[in-house]
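Scope of the values below: all heavy atoms of this structure, side chains included, with no hydrogens, waters or symmetry mates.
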Amino acid sequence: VYFGTGRYLGFGDLSTNSTSNTVAQTVFGVKDTGRDLGDLRASSALLVKQTLDATVSPRTVPNPVGVDWSAKNGWYVDIPVGERFSIDPRLQLGSLILVSNAPKDDYCTVGGSSYFYVFDYKSGTSITGQLNKYAGWPVGNSLATGLTVVRLPTGKLASIVNMSDTSIRAMQIGRAH
């Protein structure tokens with residue numbers, strides 16, 4: 001099961017006290033064990049934490065940790081505070097593709113910024129074959145409103161990100177093996 005946390009449904013989500021603005025939001029890859037794993041961040045959930053380096057652009061997972069699915073229940077990656085996942089992720093050919101939004105906290109303006117993430121679905125790290133082992137790229141100074149993944153005749157994947165300023169961004173995707 002793959003999902004990202006955070007929300008952007010109304011003005012309350014822009015509040016400085018909103019969870020999406022005070023706590024790092026997370027993307028999870030979790031094995032369905034058929035039982036309640038409780039707090040997915042607790043050690044008892046047996047998830048491997050991958051650390052995203054958001055001080056560089058594009059963003060990386062510089063020290064990936066192996067995920068042994070026979071002993072662990074999955075992985076998770078925190079994104080910077082203020083960003084949140086409000087668009088459904090996509091899973092294609094071993095690539096987990098997500099877009100985060102960091103809305104401006106001004107009720108009078110629409111906007112913010114977005115980041116495009118691609119993780120290996122098995123590990124939560126950059127995917128094999130990804131350019132320079134990057135995991136996250138800035139999309140632009142606008143909020144993402146939609147995400148479509150297409151497979152090109154060459155077999156490569158590409159993403160189309162619709163933006164709130166009516167622009168469309170094409171993002172290249174490597175492929176997990």
Side-chain angles (χ1 to χ4, degrees), residues 1-30 40-41 47-62 64 74-92 94-107 109-121 123-127 130-150 157-174 176:
V1 179
Y2 300 96
F3 61 96
T5 64
R7 68 183 216 172
Y8 184 48
L9 300 174
F11 292 126
D13 297 323
L14 296 176
S15 165
T16 55
N17 298 329
S18 164
T19 302
S20 291
N21 285 327
T22 58
V23 176
Q25 300 303 303
T26 307
V27 56
F28 289 93
V30 182
L40 293 177
R41 296 172 160 283
L47 298 184
V48 174
K49 180 178 182 176
Q50 303 290 5
T51 302
L52 181 73
D53 184 353
T55 65
V56 297
S57 185
R59 294 174 176 172
T60 64
V61 179
W75 54 266
Y76 69 97
V77 180
D78 290 333
I79 60 173
V81 172
E83 288 182 38
R84 74 279 319 259
F85 295 107
S86 55
I87 298 172
D88 290 337
R90 305 290 188 265
L91 180 61
Q92 292 285 333
S95 299
L96 181 63
I97 305 147
L98 306 99
V99 177
S100 70
N101 282 315
K104 289 183 180 176
D105 62 353
D106 182 351
Y107 298 128
T109 63
V110 177
S113 60
S114 299
Y115 255 83
F116 176 78
Y117 291 100
V118 180
F119 297 105
D120 183 299
Y121 78 110
S123 64
T125 62
S126 58
I127 61 172
Q130 188 61 278
L131 297 174
N132 300 314
K133 308 267 184 194
Y134 297 139
W137 299 260
V139 179
N141 292 321
S142 182
L143 298 178
T145 59
L147 173 64
T148 303
V149 178
V150 295
L157 295 177
S159 282
I160 301 165
V161 181
N162 298 75
M163 306 300 286
S164 62
D165 65 2
T166 71
S167 66
I168 297 173
R169 305 277 165 48
M171 306 297 288
Q172 182 179 354
I173 304 171

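Each of V99, V139, L143 was compared with M163 under the side-chain contact (heavy atoms from CB on, under 4.5 Å) criterion, and only V139 meets it. Each of Y2, F116, Y117 was compared with I97 under the side-chain contact (heavy atoms from CB on, under 4.5 Å) criterion, and only F116 meets it.
Between the side chains of R169 and S114, no donor-acceptor pair of N or O atoms lies under 3.5 Å. Side-chain contact, S164 with T145: no donor N or O sits under 3.5 Å from an acceptor N or O.
Y76 places none of its side-chain heavy atoms less than 4.5 Å from the side chain of L40. In this structure the side chain of L52 never reaches within 4.5 angstrom of the side chain of Q50, judged on heavy atoms. Using a 4.5 Å cut-off on side-chain heavy atoms (C-beta onward), W75 and V27 make contact. Counting heavy atoms from C-beta outward, E83 and S113 have side chains that stay 4.5 Å or more apart. When side chains are defined from C-beta on, T60 does not count as touching S126, because their heavy atoms never get closer than 4.5 Å. Put simply, the side chain of F28 does not reach to within 4.5 Å of the side chain of V1, judged on heavy atoms. Under the 4.5 Å side-chain criterion, counting only non-hydrogen atoms from C-beta, S123 is not in contact with P64. Residues Y115 and S57 have side chains in contact (heavy-atom distance under 4.5 Å, counting atoms from C-beta outward).
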Check your understanding: For R90 and T148, what are the C-alpha separation, side-chain angles and deciding distance, and is it a side-chain contact (heavy atoms from CB on, under 4.5 Å)?
Key -> CA-CA 8 Å; R90 305 290 188 265; T148 303; 5.6 Å; no
Point to revise | Criterion side-chain contact (heavy atoms from CB on, under 4.5 Å) on V118 and M171, from CA distance to verdict | key: CA-CA 10 Å; V118 180; M171 306 297 288; over 6 Å; no
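Note that CZ of F3 is 13.0 Å distant from CG of D88, once rounded to the nearest 0.5 Å. Note that CG of D78 is 4.0 Å distant from OG1 of T26, once rounded to the nearest 0.5 Å.
Closest of all the heavy-atom pairs between I173 and S159 is CD1-OG, 3.0 Å. In terms of heavy atoms, V161 sits closest to A144 at CG1-CB, 3.7 Å. Among all heavy-atom pairs drawn from A24 and V81, the shortest one is N-CG2, 3.6 Å. Smallest separation of non-hydrogen atoms from I79 and S100: CD1-CB, 3.9 Å. In terms of heavy atoms, S95 sits closest to I127 at OG-CD1, 3.4 Å. Smallest separation of non-hydrogen atoms from L147 and I87: CB-CG2, 4.0 Å.
More than 12 heavy atoms of other shown residues, nucleotides or ligands fall within 6.0 angstrom of atom CG in D165.
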